[in-house]
Amino acid sequence: MNVNHVNSRSHAYALFANLLLYGISESTLPIINQLSDLAAALPQPFDLTQAAVAHEHLLGMNIFANESFFLDQTGLVGGEVADGVLESYRRVGYTPPSAANSADHMGAELGLLSFLAGAQADALTDGQAVMAQRMQQEQRLFLQQHLLRWLAPCVIALQRAGDGFYAEVANLLLALVADHWRQISAAPIGSDDEIALTARADSTFSLPITPDLLENDKTSLRDIAEFLVTPPYAGIYVSRDAITELGRQQQLPRGFGERKLLLNNLLQAAAQYDLAVTVFHELGNVVDGWCDAYAAIIAEYPLLKPFVSPWQQRATQTRQLLTQISQLIPLID
């Protein structure tokens with residue numbers, strides 16, 4: 001492995017970690033301006049204060065970029081998922097940035113990969129082949145057990161959020177991680193190392209079993225709303241802005257509060273004004289867009305298919321569910 005290439009990967013992860021955690025700053029702006037794709041995506045005229053506002057709206061209020069949020073069926077940040085991420089950090093002596101609202105924030109996870117790649121580069125420079133291999137295996141294990149399992153839906157959420165700059169960040173980050181996985185997954189795994197054995201034993205990925213809404217005659221619009229805003233159940237991320245836009249299109253009230261409450265209010269209002277079928281049809285169109293996005297990732301990065309297919313299949317199931325719900329609207333209150 002070329003030391004310069006590993007160093008460059010470390011710096012790239014550090015940049016994306018900073019952008020997701022802090023937004024564009026005086027320290028990262030010069031780097032962005034040297035990268036043509038990112039520079040072209042900067043809003044014009046550019047203003048650091050407005051950029052900070054945009055970052056807070058996107059990643060502070062609209063998209064919660066935490067592994068636990070995407071993988072835990074409670075829909076909450078923290079818990080066992082975050083504990084597993086923390087254990088990975090402890091094993092290698094990595095301390096996540098204090099700015100992360102939880103250790104499993106994507107910015108913190110990218111920071112770990114930057115840390116490990118930097119340590120690998122240092123070991124290669126010093127001729128410490130065993131240490132370099134260990135740092136490489138740690139990267140492989142973390143990608144396999146953590147980041148790759150929720151990268152696709154988080155990236156798609158960023159791509160669909162309507163912010164051109166962070167959509168480009170998402171595109172470039174996906175390409176970086178896919179290339180990293182292509183190289184690191186092709187590297188031989190030692191036979192005796194505990195990390196290697198763990199990687200072999202935990203090589204599959206599946207999402208939690210979903211509740212069968214249609215089998216329960218007590219299913220309500222509130223239950224459906226809760227299902228749709230829980231990523232590992234629905235296979236998609238329904239953002240606050242997406243709910244707001246859907247309500248605006250149909251001229252329906254959403255009220256205020258968390259996403260589950262907003263969507264429940266919207267569905268209740270749609271039922272009251274005989275627009276439930278229309279709203280569920282529009283939600284189906286949203287899910288169709290996600291299915292297409294998953295298919296596009298698999299087509300462009302085939303090696304990521306084992307990590308993306310479960311999400312694609314879950315979104316397809318949700319699309320079928322929405323069609324069935326539309327047909328049962330008169331029976332749901």
Side-chain angles (χ1 to χ4, degrees), residues 1-42 51 55 58-59 63 65-67 85 88-89 92 94-97 99-100 103-125 132 135-152 154-159 163-187 297 300-301 303-304 307-308:
M1 176 66 66
N2 184 282
V3 176
N4 291 334
H5 187 84
V6 178
N7 253 325
S8 295
R9 178 180 292 153
S10 175
H11 292 317
Y13 276 131
L15 173 63
F16 290 127
N18 270 279
L19 290 175
L20 293 179
L21 284 170
Y22 309 107
I24 305 169
S25 65
E26 291 184 356
S27 61
T28 54
L29 184 58
I31 303 172
I32 292 168
N33 283 325
Q34 294 176 28
L35 303 172
S36 58
D37 291 333
L38 281 182
L42 284 171
H55 175 266
L58 179 64
L59 287 156
I63 297 173
N66 295 82
E67 181 176 335
V85 175
S88 297
Y89 294 171
V92 297
Y94 169 72
T95 301
D104 64 340
H105 190 281
M106 181 170 282
E109 295 196 2
L110 297 180
L112 170 70
L113 290 169
S114 174
F115 172 82
L116 292 174
Q120 180 188 359
D122 289 343
L124 288 171
T125 300
M135 292 300 98
Q136 179 175 269
Q137 289 181 350
E138 287 284 0
Q139 292 167 64
R140 177 180 181 142
L141 187 63
F142 189 80
L143 285 169
Q144 179 178 292
Q145 292 190 333
H146 294 288
L147 184 62
L148 283 174
R149 299 187 176 199
W150 66 290
L151 177 70
C154 190
V155 161
I156 294 171
L158 290 169
Q159 291 170 334
D163 186 301
F165 178 77
Y166 286 98
E168 187 59 25
V169 168
N171 294 338
L172 295 176
L173 175 59
L174 178 62
L176 172 67
V177 176
D179 181 68
H180 189 185
W181 182 245
R182 177 184 62 80
Q183 294 187 16
I184 212 164
S185 62
I297 291 176
E300 187 166 5
Y301 306 110
L303 286 179
L304 298 187
F307 304 98
V308 182

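Throughout, numbering of the chain's residues begins at 1 and tracks the sequence.
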**OP:** Let me see the working for L151 and F307 under side-chain contact (heavy atoms from CB on, under 4.5 Å), right down to the final yes or no.
**Re:** CA-CA 9 Å; L151 177 70; F307 304 98; over 6 Å; no
Subject >> Audit row: I156, I297, side-chain contact (heavy atoms from CB on, under 4.5 Å) steps and yes/no >> reply: CA-CA 9 Å; I156 294 171; I297 291 176; 3.9 Å; yes
**OP:** Begin from the C-alpha positions of V3 and D122 and carry the test side-chain contact (heavy atoms from CB on, under 4.5 Å) through to its verdict.
**Re:** CA-CA 8 Å; V3 176; D122 289 343; over 6 Å; no
**OP:** Might you work through the side-chain contact (heavy atoms from CB on, under 4.5 Å) test for V85 and S88, ending with a clear yes or no?
**Re:** CA-CA 5 Å; V85 175; S88 297; 5.5 Å; no
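Side chain of D179 to main chain of A175: no donor-acceptor pair is present (N/O by atom type, distance under 3.5 Å, no hydrogens or angles). Under a 3.5 Å cut-off, the side chain of S114 and the backbone N or O of L110 do not form any donor-acceptor pair.
For A157 against I63, the heavy-atom pair with the smallest separation is O-CD1, 3.4 Å. Nearest heavy atoms, S27 versus P30: O-CD, 3.6 Å. Considering every non-hydrogen atom in both L21 and P97, the closest pair reads CD1-CG, 3.6 Å. Of all non-hydrogen atoms in A17 and G107, the two that sit nearest each other are CB-O, 3.2 Å. Of all heavy-atom pairs between L303 and S185, the closest is CD1-OG, 4.5 Å.
In this structure the side chain of Q159 reaches within 4.5 angstrom of the side chain of V155, judged on heavy atoms. For the pair N7/T125, no side-chain contact is recorded, criterion being any heavy-atom separation below 4.5 Å from C-beta on. Y89 is listed as a side-chain neighbour of F142, based on a closest heavy-atom distance under 4.5 Å. Residues L19 and L15 are in side-chain contact: their nearest non-hydrogen atoms beyond the backbone lie under 4.5 Å apart. Side-chain contact between W150 and E109: present, with at least one pair of heavy atoms (C-beta onward) separated by less than 4.5 Å. For the pair L38 and N33, the minimum side-chain heavy-atom distance is 4.5 Å or more.
Q183 and R140 form no side-chain donor-acceptor contact under 3.5 Å, judged by distance and modelled atom types alone. Between the side chains of E67 and H146, a donor-acceptor pair is found at a separation under 3.5 Å.
Atom CG of D104 and atom CG of L147 lie 11.5 Å apart (nearest 0.5 Å). Atom CD1 of I31 is separated from atom CD1 of I24 by 12.0 Å, given to the nearest 0.5 angstrom. One distance of note links CZ of R9 with CG of L113; it measures 9.5 Å at 0.5 Å rounding. Separating the CD atom in Q139 from the CG atom in L112 is a distance of 8.5 Å, to the nearest 0.5 Å. Considering CG of N171 and CG of D37, their distance stands at 9.0 Å, rounded to 0.5 Å. To the nearest 0.5 Å, atoms CG (L158) and CD (E168) are separated by 12.0 Å.
Between Y301 and W181, the ring center distance fails the sub-6.0 Å criterion.
Ring-plane geometry between Y13 and H180 is classed as tilted, the angle between the planes lying from 30 to 60 degrees on a 0 to 90 degree scale.
With sequence neighbours excluded, the residues forming a side chain to side chain contact (heavy atoms under 4.5 Å, CB included) with A65 are L59, H105, M106, C154, listed by chain and number.
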